[in-house]
Amino acid sequence: MVHKLEPVQQGATHATGRQGMVSAVVALFEQAALTHDLQAVEALLLERAASRVELIRAASTHTIRSGGKRLRAALALLAARLGDYALERVIHAAAAVELIQAASLVHDDLVDQAARRRGRVTVHARWDNDVALMVGDYFFALAADEMARSPDPRIITFYAHAVRTVVEGELSPVTILEPTDQALAQYYYKTGAKTAALFEAACKAGMAAGGGTDAQIVALGRYGFDLGMAFQIIDDILDFTGDEQTLGKPAGNDLRQGTITLPLILAMERTASPRLRNLIDIAAPSDAQVQDAISEVAAAGGVAAANAEAQRFIRQAIGHLADFPPSPALHALARLANFVVEREA
Ligand code: FPP
Ligand code: MG
């Protein structure tokens with residue numbers, strides 16, 4: 001059965017661009033008969049965002065309507081479908097993970113003072129810092145409410161652990177570029193904590209809502225974790241290869257802010273040229289210097305090597321699905337893994 005789940009060749013959908021990618025994911029959700037249930041999650045999120053306080057309602061609705069691919073909710077739903085599926089048993093776990101994600105992004109944009117996300121003005125920029133702080137907290141409280149409505153108390157534990165881990169990851173910067181093994185250890189720890197932990201929790205929560213066994217919950221959690229690792233590596237690659245139009249935020253942000261990510265670490269490992277070193281030592285680089293550094297990282301093979309790492313995590317993720325019997329939901333989880341490494345935004 002594993003052969004059916006092998007990653008498709010990289011680049012298979014590249015030519016179609018962002019729109020193609022989004023419609024491919026939408027088509028996948030339609031094929032997996034997931035669209036109706038994702039719409040139900042969306043409706044629930046909007047209903048919960050409707051606070052009696054106008055300011056909170058406006059800022060929460062603005063954030064929910066900024067959307068995103070709802071990958072984490074889809075993971076929870078698909079995981080539940082590997083077991084005994086009932087939408088009402090999993091919908092709260094699917095909504096909870098999107099609310100945690102919304103909370104973390106509103107706070108992240110506040111911390112980073114980012115002007116835009118997904119092409120839309122951020123909450124702190126549209127309103128102010130206090131509103132962003134409170135709206136993030138509000139989403140967080142909504143998430144707790146959804147968890148409490150879930151049928152299996154372990155779901156609360158999975159998400160509570162994930163949130164704790166996300167915060168720990170967020171406050172664990174990559175501080176060095178060399179020696180490479182130490183830089184990689186810092187990068188992988190941070191990435192696992194700040195991104196992969198929540199993917200893992202969504203999968204475990206979904207599997208628990210579907211009545212899965214402990215072994216199935218562990219396996220799906222590993223799938224989610226490795227998928228999350230690949231997702232964040234691609235996110236970090238896109239900061240080097242994307243443009244503002246496709247990303248919905250300026251490219252080159254990480255270099256500009258001195259954030260060390262995988263393409264840079266792997267480029268430094270591969271190049272003896274002092275040019276890249278000199279460029280990244282500049283405290284406040286100009287746009288031209290950021291562009292130069294981006295070119296140097298690609299020329300040194302940093303982007304290609306990071307891409308190979310993302311592919312490795314995807315193969316690993318798909319490997320964790322090997323013991324589940326074939327089903328449309330299992331097939332969709334494998335295909336979703338491939339989309340994650342092919343996305344362009
Ligand atoms: C985006 O990463 C941000 C995160 C993955 C998590 C941010 C978490 C916090 C601010 C802590 C609060 C957490 C919770 C759960 C309430 P990024 O900055 O690499 O990506 P970006 O370019 O999309 O901003
Ligand atoms: Mg950020």
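Order of listing sets the numbers, starting from 1, for every ligand and every atom in it.
- Taking only nitrogen or oxygen atoms, main chain and side chain alike, R117 reaches within less than 3.5 Å of ligand 1.
- Remark: D37 engages R81 in a salt bridge, criterion side-chain N to carboxylate O under 4.0 Å.
- If you check which protein heavy atom lies closest to atom 13 (C) of ligand 1, you get S104 CB, 3.7 Å.
- Residue contact check for ligand 1: Q101 places no non-hydrogen atom closer than 4.0 Å to it.
- Looking at E170 against ligand 1, only its side chain comes within 4.0 Å, counting heavy atoms.
- In terms of protein heavy-atom proximity, atom 20 (O) of ligand 1 is closest to D235 OD2, 4.1 Å.
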For this session: Let me see the working for R222 and Q316 under side chain to side chain contact (heavy atoms under 4.5 Å, CB included), right down to the final yes or no.
Result: CA-CA 9 Å; R222 288 187 177 144; Q316 230 169 254; over 6 Å; no
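- Checked for salt-bridge contact, R89 and D84 miss the test: no charged N lies under 4.0 Å from a carboxylate O.
- Residue contact annotation: D112 has a non-hydrogen atom under 4.0 Å from ligand 1.
- With respect to R312 and D226, no salt bridge is recorded, no charged nitrogen being found less than 4.0 Å from a carboxylate O.
- Here D108 has heavy atoms under 4.0 Å from ligand 1 in both its backbone and its side chain.
- Within the structure, the closest approach of V166 to ligand 1 falls below 4.0 Å when heavy atoms are considered.
- Backbone and side-chain nitrogen or oxygen atoms of D109 are examined, and none is located within less than 3.5 angstrom of a nitrogen or oxygen of ligand 1.
- Between R154 and D214 there is a salt bridge, since at least one side-chain N of the basic residue sits less than 4.0 Å from a carboxylate O of the acidic one.
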Problem set entry | Test log, rule side-chain hydrogen bond (donor to acceptor under 3.5 Å, both in side chains), inputs E168 and T165 | CA-CA 5 Å; E168 287 171 345; T165 308; 4.6 Å; no
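- Within D112, OD2 is the N, O or S atom that lies nearest to the Mg ion (ligand 2).
- The nearest heavy-atom contact from the protein to atom 21 (P) of ligand 1 is K249 NZ, 3.5 Å.
- The shortest contact between atom 19 (O) of ligand 1 and any protein heavy atom is with K194 NZ, 2.4 Å.
- The atom of D108 nearest to the Mg ion (ligand 2) is OD2, with the search restricted to N, O or S atoms.
- The pair R48-D145 does not meet the salt-bridge criterion, since no charged nitrogen lies less than 4.0 angstrom from a carboxylate oxygen.
- Enclosure of atom CZ in R65 is not indicated, since only 12 or fewer non-hydrogen atoms of other residues, nucleotides or ligands lie within 6.0 angstrom.
- Counting heavy atoms of neighbouring residues, nucleotides and ligands inside a 6.0 Å radius, atom CZ of R116 exceeds 12 of them.
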